[in-house]
Protein chains: 2
Amino acid sequence: MSAPRRHVIRPATLEAIVEAAIRVLNANAGATMSEIAVQAGVGRATLHRHFRTRDDLVSAIGIRCIEDMNAAVRAQATAGQRAVDRLRNMFRAVIPLGDRYSFLGTNYTDDRRVDEGYGTQLEWAVALVEDLKEQGDVGRDVPSAWVVAQIDQLVWTAWNAVAEGYLSADEATELAVRTLTVGLR
Amino acid sequence: MSAPRRHVIRPATLEAIVEAAIRVLNANAGATMSEIAVQAGVGRATLHRHFRTRDDLVSAIGIRCIEDMNAAVRAQATAGQRAVDRLRNMFRAVIPLGDRYSFLGTNYTDDRRVDEGYGTQLEWAVALVEDLKEQGDVGRDVPSAWVVAQIDQLVWTAWNAVAEGYLSADEATELAVRTLTVGLR
DNA sequence: CCGGTTTGAGACATTGATGTCTCAAATTGC
DNA sequence: GCAATTTGAGACATCAATGTCTCAAACCGG
């Protein structure tokens, strides 16, 4: 006897849930399934039909965030580029996903796939920082952990600036590169 | 007939609760009263005896955070100082309170006193940014909102660096000033 | 040492969110 | 237009966290 047919959600419904969940949970990590459903414009039963538990939903969104971020980073051509140009390209690709960074920071899920994905991002960032130091765009005296932390925060503050409307995406990218390398003087 | 005697908590107990609540709620904004009590080394009944509700506790901690931050900023002598020195002094005073910044960011409470206190901090920061621009430490082309956002995030990442142990408090202060003004090159 | 006060443990009631289920309505593709 | 499928609303059960209360134990200042 076959297992009960698993629910197949419509792609547009799933996208609405993912975007709504990121928005609502970034604002309040304790938001209820009801709040997420309302914001997504779907019924709460639809969430429960597709995700086994609230934790399952948060994990699934976390995995989606990591996949989106890794896809954005992977999509860049890096061969032969100067480190500072790779930094600029990375910011250009990743700043629009700043809300996903924030989601992963505030809605931690003890999920192997999220941990692995985050580790991939970290490795990529550390390699970039080593090259920035090698090419003189970042001083060798600066702890790499500090540089990585600054890059992380710049992604988020730049995303916020674009969301608030006082910077365009291009302006945000340039200001992020400038802030990290030569500062605001 | 007089009202029932209000519970008077011991100062050491209250401090333990405040510090534990900041630590636990920074890690997980949805942490339970039980988790806070365990971390504080007190009984859950003690929390309920002193705070009417969980929301009341979160509000009270938020007010404490704002008061601590405003006290730190107010304690500085600023008359006659260059803007960059005021920036350095502000970082030195406020970085140890980075966990309080974070608390206010992630555990927003719709409380008039928290809003007012935050407004005071913001006014102070904007005035400092104007002076930094006036004295050439920050370019006039940079949006003030961007500079304020960077200062905010530097407080948090510097606090984290000290907590993680790869920077001393003095190193964190200097690196924060450097990152904002001349960058990491 | 003692009186007054605070506190912790645990029992218990309440509450709100989650999770399950059913059925009519809506949607979609042919 | 119809069949197959997904979805929303709402009823209902479950569960975990909150909130209340009592009493013995612990604490502290005089």
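Every chain is numbered from 1, with letters handed out A, B, ... down the list of sequences.
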Among A/Val84, A/Val138, A/Leu87, exactly one meets side-chain contact (heavy atoms from CB on, under 4.5 Å) together with A/Leu128. Which residue is that?
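Result for side-chain contact (heavy atoms from CB on, under 4.5 Å) with A/Leu128: A/Leu87.
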task: Start with the C-alpha distance between A/Arg86 and A/Met90, add both sets of side-chain angles, then the distance that settles side-chain contact (heavy atoms from CB on, under 4.5 Å), and finish with yes or no.
output: CA-CA 6 Å; A/Arg86 278 162 52 203; A/Met90 186 276 294; over 6 Å; no
Shortest side-chain distance from [X], nucleotide among [options]:
X       : options                : answer
A/Thr46 : D/dT6, D/dG8, D/dG19   : D/dG8
A/His48 : D/dT20, D/dC21, C/dT18 : C/dT18
B/Ala45 : C/dG8, D/dT18, C/dT6   : C/dG8

query = B/Arg10 near the nucleic acid: base, sugar-phosphate alone, or nothing, with a heavy-atom cut-off under 4.0 Å?
reply =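 B/Arg10: base contact, heavy atoms under 4.0 Å.
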Categorize B/Gly30 for me: base, sugar-phosphate, or nothing, with a 4.0 angstrom heavy-atom threshold over every strand shown.
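Result for B/Gly30 = nothing.
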Under 3.5 Å, is there an N or O donor on one side and an acceptor on the other linking the side chain of B/Arg44 and the base of D/dG19?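 Present.
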Inset, instruction - Report yes or no: is there a donor-acceptor pair, N or O only, under 3.5 Å between the side chain of B/Arg49 and the base of D/dG19? - result: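 Such a pair does not exist between side chain and base.
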_Nearest whole Å is fine: how far is C/dG8 P from B/His50 NE2?_
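Answer to the nearest Å: 13 Å.
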Fill in: Between C/dA17 (P) and A/Glu35 (CD): distance, integer Å
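Answer to the nearest Å: 7 Å.
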Heavy-atom closest contact (A/Ala172 atom, A/Leu167 atom, distance) =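 Residues A/Ala172 and A/Leu167, closest heavy atoms: CA-CD1, 4.0 Å.
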* Comparing B/Met33 and A/Val42 on DNA chain D - which has the more 5′ nearest nucleotide ->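 The residue closer to the strand's 5' end, by nearest nucleotide, is A/Val42.
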- B/Leu154 side, atom CG; B/Thr179 side, atom OG1 - distance, nearest 0.5 Å: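 Nearest 0.5 Å value for the CG-OG1 distance: 5.5 Å.
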